[in-house]
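Step one of this worksheet: look at the structure below.
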Amino acid sequence: MEQFKILTDLRDYIKNLESQKGKVLSRPIPEGGNPIFYRACDVAKNTELVQGIQIGDYFFSNCKKWVQPHNQMGLSFSAHWQHLKSIYKLKSSKNPGKSVDVYWVLEKADIPSDLNFVADEKDDRHYFLTVTRKMTVDTLVKKLKWVADRMSIIKDGTRAIK
């Protein structure tokens, strides 16, 4: 375990990790939220959730028991400082009075089989955690829990991001 005295030390450490293990992929999450799964209070009123997964994030079968592979659908991650900063500001504005934590993982981290990080074809500062083979929603939930358990966190990232 390393202790960082100043933010520059942390940035240097992250650059070193990126050179070895790929991009740092991050998700700003309002205080009390989960880095992977949504709560009903985290989404718009008409947004449907299946076991905490937003329907629009993955390509669901009509019965909503299966998730189909798609290389441009999946859980969203920021892969660039400016992208993270804009998403962070959006989350902060929609959650007044709450701190926003930043969860992160490395692109080439040991993620479960049949999941993969893929760059967004429209914006290479944005990545999806995609499904590479058809699986049940229950299986996807287990794999996503595994990813969530291994994510690092920066509590209340306001000072680091501003």
Side-chain angles (χ1 to χ4, degrees), residues 11 13-30 33-40 42-95 100-154 157 160-162:
R11 286 186 184 144
Y13 184 78
I14 289 172
K15 283 180 187 174
N16 185 40
L17 281 176
E18 287 179 334
S19 68
Q20 296 173 22
K21 305 238 183 210
K23 295 185 181 302
V24 172
L25 302 170
S26 56
R27 290 179 55 80
I29 304 295
N34 184 288
I36 301 290
F37 300 105
Y38 293 94
R39 304 169 297 180
D42 295 330
V43 296
K45 288 182 183 179
N46 297 330
T47 303
E48 189 176 351
L49 299 176
V50 175
Q51 295 186 46
I53 301 169
Q54 193 169 242
I55 289 291
D57 283 351
Y58 287 95
F59 184 42
F60 282 83
S61 64
N62 288 337
C63 67
K64 297 185 179 80
K65 294 186 189 290
W66 293 88
V67 179
Q68 306 285 342
H70 193 293
N71 75 342
Q72 290 297 289
M73 291 183 82
L75 202 58
S76 292
F77 284 81
S78 295
H80 188 273
W81 184 257
Q82 288 303 334
H83 190 269
L84 171 61
K85 198 172 178 179
S86 65
I87 299 300
Y88 187 90
K89 284 181 182 178
L90 176 70
K91 296 275 183 170
S92 294
S93 69
K94 293 193 180 274
N95 295 279
V100 177
D101 302 327
V102 177
Y103 289 83
W104 62 275
V105 66
L106 292 168
E107 172 189 14
K108 293 183 180 159
D110 185 22
I111 60 172
S113 62
D114 306 319
L115 296 182
N116 191 31
F117 284 110
V118 177
D120 186 340
E121 292 172 355
K122 297 174 191 161
D123 182 354
D124 64 355
R125 302 173 313 156
H126 176 249
Y127 273 60
F128 296 107
L129 179 56
T130 64
V131 167
T132 60
R133 133 185 116 70
K134 182 179 176 180
M135 65 182 73
T136 64
V137 172
D138 290 338
T139 300
L140 177 58
V141 165
K142 287 176 191 165
K143 290 176 185 268
L144 291 175
K145 281 181 182 177
W146 194 93
V147 171
D149 288 344
R150 283 149 183 84
M151 291 180 80
S152 298
I153 182 172
I154 299 171
I161 291 182
K162 282 190 174 180

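Quick caveat, the model's predicted, so the values are computed rather than measured. Heads up: numbering here begins at 1 and tracks the sequence.
Looking at heavy atoms from C-beta onward, Val137 lies out of side-chain contact with Lys64 at the 4.5 angstrom threshold. In this structure, the side chains of Lys142 and Trp146 stay at 4.5 Å or more apart for every pair of heavy atoms. In this structure, the side chains of Ile111 and Leu129 come closer than 4.5 Å at one or more pairs of heavy atoms. No side-chain heavy atom of Val100 sits under 4.5 Å from any side-chain heavy atom of Ile29.
Taking each heavy atom of Tyr58 and Gly74 in turn, the nearest pair found is CE2-CA, 3.5 Å. Residues Pro35 and Met151 approach most closely at CB-SD, 3.8 Å, considering heavy atoms. Scanning both residues, Pro30 and Lys91, for their nearest heavy atoms gives CD-CD, 4.3 Å.
Counting heavy-atom neighbours within 6.0 Å of Asp124 CG, excluding the residue itself, gives a total of 12 or less. A 6.0 Å sphere centred on CZ of Phe59 holds no more than 12 heavy atoms belonging to other residues, nucleotides or ligands.
Taking CG from Leu144 and CZ from Phe37, the interatomic distance works out to 5.0 Å, rounded to the nearest 0.5 Å. Separation of atoms CZ (Arg39) and CG (Asn34) is listed at 8.5 Å; rounding is to 0.5 Å.
When each of Lys85, His83, His126, Arg125 is tested with Ser78 by the rule side chain to side chain donor-acceptor pair (under 3.5 Å), just one qualifies, namely His83.
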